[in-house]
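Letters A, B, ... mirror the listed sequences (proteins, then strands); counts begin at 1.
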Amino acid sequence: MSIPHPDPDKLRLPPEGETPGTPQPHFIRQIIIEDLKQGRFRGVITRFPPEPNGYLHIGHAKAIHLDFGLAEEYGGSYNLRFDDTNPAKEEVEYVESIQEDVRWLGFDWGDRLFYASDYFEQLYQFAEDLIRKGAAYVCDLSAEQIRETRGTLTRPGVESPYRHRPVDENLDLFRRMRAGEFPDGSRTLRAKIDMASPNLNLRDPVMYRILRATHHRTGDAWCIYPMYDWAHGQSDSIEGITHSICTLEFEDHRPLYDWFIEQLGIHHPRQIEFARLNLTYTVMSKRKLLELVREGRVHGWDDPRMPTLSGFRRRGYTPEAIRDFCERIGVAKKESVVDLQLLEHCLREDLNRRAERRMAVLRPLKVVIENYPEGQVEWLEAVNNPEDPAAGTRQVPFSRVLYIERDDFREAPPPKFHRLYPGNEVRLRNAYLLRCDRVVTDEAGAVVELRCSYDPDTLNASPRKVKGTIHWVSAEHAVKAEVRLYETLFTAPDPLNVPDGADWKDNLNPHSLDVLPEAKLEPSLKEAKPGYRCQFERQGYFAVDPDSKDGQLVFNRAVTLKDSWAKIEKRG
RNA sequence: UGGGGCGUGGCCAAGUGGCAAGGCACGGGGUUUUGGUCCCCGGAUCGGAGGUUCGAAUCCUUCCGCCCCAGCCA
């Protein structure tokens with residue numbers, strides 16, 4: 001196997017006397033720059049090493065942004081490597097979704113797609129090398145016995161009775177392990193390090209276990225599989241990784257990785273640990289997300305309420321917003337919980353600039369304009385994006401019967417309510433001033449319709465100041481759609497923080513999904529295709545869901561607009 | 001009570017001995033045919049206590065708090 005090594009010609013250092021030309025001069029950038037300056041490495045090669053046992057989430061986006069983003073930044077290259085050393089939990093569905101998600105984020109690893117399983121034979125040979133050096137041995141202890149002899153945090157472990165087997169016997173046994181002569185779990189290959197080490201990772205860790213499971217790539221070729229701790233560092237080394245960026249919990253493992261590499265005398269990457277991402281109102285563990293999927297608490301890994309990349313994508317998030325978020329949160333070793341609102345801010349900022357505006361009524365209330373001629377239709381011009389003149393304009397139909405948002409009308413308006421109420425006048429967005437003359441109610445007293453009048457002289461003129469502008473859709477031209485509104489999946493900012501005996505899933509938000517089946521859209525939206533994003537004016541950014549069928553549009557709300565009225569109303 | 005990390009405003013986060021960046025959130029004001037956007041304005045003495053120094057968030061000592069490690073998971 002030959003994997004290209006760093007190309008010094010492409011090495012890109014920031015200009016002297018300046019911090020990197022990017023917003024966050026974080027410690028990983030500083031380390032890389034220093035390494036490059038001192039010539040510790042000839043360039044930068046990084047890797048993102050997911051285990052294909054679940055879908056990628058936004059926490060992985062942070063890791064990818066670092067691994068791949070930094071390599072790009074310094075003119076290096078990056079590998080996507082699946083750490084597929086545990087066939088019991090891994091599936092091709094996951095290797096496919098992971099590739100799709102990384103690509104969606106905007107990265108192209110070219111032909112640098114690898115698998116730890118590509119190295120199984122090499123790893124096996126390395127293991128034999130270690131055995132020959134007397135640095136590894138075959139151990140016949142059971143899993144339980146290994147646990148018992150490992151010692152505790154404060155007490156050293158005791159050596160395995162098999163620790164001093166002769167090299168030849170170890171070699172023979174190890175080869176027979178590979179050949180399938182022994183039952184699952186009956187023996188392991190262990191590194192011979194130090195059973196008294198205060199670092200438990202160094203107490204003769206297991207390198208290989210016997211496990212008869214069909215691997216998604218190697219099939220049944222192997223019945224022994226390398227442990228992560230044995231496979232990972234060597235895989236990085238084989239690939240010539242210079243900066244092996246990982247999360248904090250592996251800090252304790254670094255001495256073990258160093259030990260293996262030194263014993264083998266192979267390329268030594270620098271490992272750098274950072275604090276993983278936590279988000280308020282979110283759980284970020286593949287195990288727990290899998291639980292939500294399996295128990296049907298959500299409708300799959302790509303449910304728009306999930307913090308998975310596929311969930312965010314479906315919901316309407318842009319990869320640009322997610323990358324911007326990853327940059328803005330910074331990188332440090334302090335464990336932290338980032339406010340969800342920052343993520344939402346990043347999306348709003350991106351979409352405010354790029355998304356077209358449309359009018360859509362989510363909870364329709366019928367309005368009849370009594371002084372507007374029956375049968376008349378006017379096509380009025382509307383700006384597509386006030387932030388981007390190049391986005392142009394479109395025509396929207398105006399007629400005698402409209403729908404407006406139920407929330408935009410109150411029979412008895414609270415203080416500071418600037419929208420429609422009996423006797424009040426508001427601006428119809430992109431159209432005329434409208435006054436509410438009469439309220440039609442049903443037997444139960446519920447408002448079913450408004451009788452209003454418009455002022456024909458107010459199309460592009462404002463003879464009077466009105467305080468409110470509301471959106472609307474012409475009834476006869478409206479396109480019906482289903483709109484799905486989302487709230488956070490959990491009601492608690494820290495969902496996992498529950499009293500003893502309670503289940504974190506008790507924090508699930510019963511209102512995380514609200515389906516509005518009778519939304520009315522302006523006709524320009526009729527042909528919208530899945531993935532299309534726009535702003536429903538005054539409400540938020542929405543995206544067409546793949547559940548849409550011809551003539552049956554489904555929209556997801558990606559994020560609301562900021563709503564200062566909601567704040568005022570809440571305060572009372 | 002072993003080892004490894006971490007502690008700067010509500011949440012992130014710069015700062016590496018010279019007189020506390022920035023973002024989000026929050027509050028106030030202005031513009032506005034989105035109560036959106038945009039534009040102003042507002043707040044920390046750096047976990048605590050000692051010490052070194054003309055001067056410390058940055059150096060030393062000590063204390064406190066939080067996280068990770070006892071899978072043949074990754």
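Residues passing the side chain to side chain contact (heavy atoms under 4.5 Å, CB included) test with D324(A), sequence neighbours excluded: R328(A), C346(A), E349(A).
You'll find that the side chain of V337(A) is closest to C12(B), out of C12(B), G4(B), U37(B). Of the listed nucleotides (U34(B), A25(B), C72(B)), A25(B) has the atom at the smallest distance from the side chain of H345(A). Checking A14(B), G5(B), U1(B) against every side-chain atom of L248(A), the shortest atom distance belongs to G5(B). In this structure, of A14(B), A74(B), G15(B), it is G15(B) that holds the atom nearest to the side chain of Q30(A). Residue R209(A) places its side chain closer to A74(B) than to any other of G5(B), G3(B), A74(B). The listed nucleotides are U16(B), C68(B), U8(B); the one nearest the side chain of K334(A) is U8(B). The E387(A) side chain lies nearest to G36(B) when the options are U33(B), C72(B), G36(B). Of all nucleotides listed (C67(B), C72(B), A25(B)), C72(B) comes nearest to the side chain of R150(A). Residue L200(A) has its side chain nearest to G2(B) when only G2(B), A14(B), U33(B) are considered. The side chain of K562(A) lies closest to G36(B) when the candidates are G3(B), G27(B), G36(B).
Distance CG (L277(A)) to C1' (A13(B)): 14 Å, rounded to an integer number of Å. In this structure, CZ of R353(A) is placed 14 Å from C1' of C38(B), rounded to the nearest angstrom. If you measure from atom CZ of R328(A) to atom P of A13(B), you get 15 Å, rounded to the nearest angstrom.
Contact annotation for V331(A): backbone-only contact, meaning every heavy-atom pair under 4.0 Å involves sugar-phosphate atoms and none involves a base. If you check every strand for non-hydrogen atoms under 4.0 Å, R147(A) touches sugar and phosphate atoms only.
R427(A) and S462(A) share a side-chain donor-acceptor pair at under 3.5 Å. Looking only at atom types and distance, the side chain of N384(A) has a donor-acceptor partner in the side chain of R358(A) under 3.5 Å away.
G2(B) is paired with C69(B) under the Watson-Crick or G-U wobble criterion, all donor-acceptor distances under 3.5 Å. Across all strands shown, U45(B) has no partner, as no Watson-Crick or G-U wobble contact with both distances under 3.5 Å is found.
No more than 12 heavy atoms of other residues, nucleotides or ligands sit less than 6.0 Å from atom CZ of R294(A).
Map L343(A) and K465(A) each onto its nearest nucleotide of RNA chain B; the residue landing nearer the 5' end is L343(A). If you find the closest nucleotide of RNA chain B to P198(A) and to L428(A), the one lying nearer the 5' end belongs to P198(A).
No hydrogens or angles were tested; on distance alone, a donor-acceptor pair under 3.5 Å links the side chain of R427(A) to the base of U33(B). On a pure distance criterion of 3.5 Å, a polar donor-acceptor pair joins the side chain of Q535(A) and the base of U34(B).
A salt bridge is absent between E405(A) and R363(A); no separation between the charged side-chain nitrogens and carboxylate oxygens falls under 4.0 Å.
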